[in-house]
Amino acid sequence: MSEKYVVEHYRFEDKAAYERAQKEARLIGTMRKKYKLSNGTIALKVYQKALEEDVFMTVVGYSFLRELRIIALKTKAAAAEELPEIPIRTEDGAGKNDLVQGAGASDYSPKRLRELSRFERLYEGQRLLNKKLKFVVVALLVLVIAFIVIDFKSEYSVFTYFTDYKAKMEEELIHKYEGWENELKAREDALEQSP
């Protein structure tokens with residue numbers, strides 16, 4: 001039994017197309033979080049930019065573009081004549097979506113492959129940066145916890161330095177005065193015993 005490659009209710013026969021659809025689905029999710037797409041003007045701008053940069057090439061992306069087009073039309077952000085149509089990549093010119101039908105990455109133009117690699121590099125770079133930042137945050141957290149533990153175990157901690165220091169100084173002063181008092185009594189006793 002072959003593996004099922006399903007993204008947003010679309011089944012792909014080709015693993016490369018499936019992986020591309022997953023990336024597009026993640027990008028769409030990011031766009032939904034970042035932009036208020038119910039606003040027709042924003043939906044129109046995202047639609048135009050996606051078409052201009054030729055971002056989507058799977059049925060997942062095409063359905064998202066269709067959704068943006070419908071929002072732009074319903075909110076009257078643009079007239080139907082003003083909106084460019086959604087270009088569909090074909091395998092043999094017969095109108096079949098090459099990614100859904102199982103064509104591999106070798107059918108893409110060199111320009112498209114360069115753009116894909118650029119977006120993939122940006123995505124991977126951001127993922128690597130996120131991992132590094134998480135590591136730095138964890139390291140700083142461990143460092144702060146270690147500082148607090150060491151501080152509580154030391155005689156004079158940052159939290160108790162002034163209160164303990166004052167008490168110790170008072171105690172030393174009392175011992176010093178007691179020592180003087182004992183020395184003074186010893187001298188008085190010595191003077192009383194002498195003839």
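Note: hydrogens, waters and symmetry copies are ignored here, and every other heavy atom, side chains too, is used.
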Taking only distance into account, with no hydrogens and no angle test, what donor-acceptor pairs under 3.5 Å do side-chain atoms of residues 27-48 form with protein atoms, sequence neighbours excluded?
from	atom 1	to	atom 2	distance (Å)
Thr30	OG1	Arg26	O	3.0
Arg32	NH1	Glu67	OE2	2.9
Arg32	NH2	Glu67	OE1	2.8
Asn39	OD1	Thr41	N	2.9
Tyr47	OH	Arg69	NH1	3.0
Tyr47	OH	Pro84	O	2.5

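Distance check: Leu184 CG to Asp189 CG gives 9.5 Å after rounding to the nearest 0.5 Å. Note: Gln22 CD to Lys15 NZ = 9.5 Å, rounded to the nearest 0.5 Å. The distance from the CG atom of Leu83 to the CG atom of Leu65 is 11.5 Å, given to the nearest 0.5 Å. Put simply, CD1 on Ile148 and CG on Leu143 are 10.5 Å apart, with the number rounded to the nearest 0.5 Å.
Under the 4.5 Å side-chain heavy-atom criterion for Ile, Leu, Val, Met, Phe, Trp and Tyr, Leu173 and Trp180 are members of the same hydrophobic cluster. The cluster map of Ile, Leu, Val, Met, Phe, Trp and Tyr, joined by side-chain heavy atoms under 4.5 Å apart, puts Met57 and Ile88 in the same cluster. The cluster map of Ile, Leu, Val, Met, Phe, Trp and Tyr, joined by side-chain heavy atoms under 4.5 Å apart, puts Leu51 and Leu73 in the same cluster. Linking Ile, Leu, Val, Met, Phe, Trp and Tyr whenever their side-chain heavy atoms come within less than 4.5 Å puts Val144 and Phe147 in one cluster.
Residues passing the side-chain hydrogen bond (donor to acceptor under 3.5 Å, both in side chains) test with Glu188, sequence neighbours excluded: none.
For Gln126 and Asn130, the side-chain atoms include at least one donor-acceptor pair closer than 3.5 Å. Counting only N and O atoms by type, the side chains of Tyr177 and Glu181 include no donor and acceptor under 3.5 Å apart.
Here the closest non-hydrogen pair linking Thr58 and Ala17 is CG2-O, 4.2 Å. Contact detail for Ala50 and Phe56: the closest heavy-atom pair is CB-CE1, 3.8 Å.
Between Lys23 and Glu19 there is no salt bridge, since no side-chain nitrogen of the basic residue lies less than 4.0 Å from a carboxylate oxygen of the acidic one.
Each salt bridge (Lys or Arg N to Asp or Glu O under 4.0 Å) pair with one or both residues in residues 126-148, not counting sequence neighbours, appears once here: Glu124-Arg127.
Between the Glu24 side chain and the Val60 main chain, no donor and acceptor come within less than 3.5 Å of each other.
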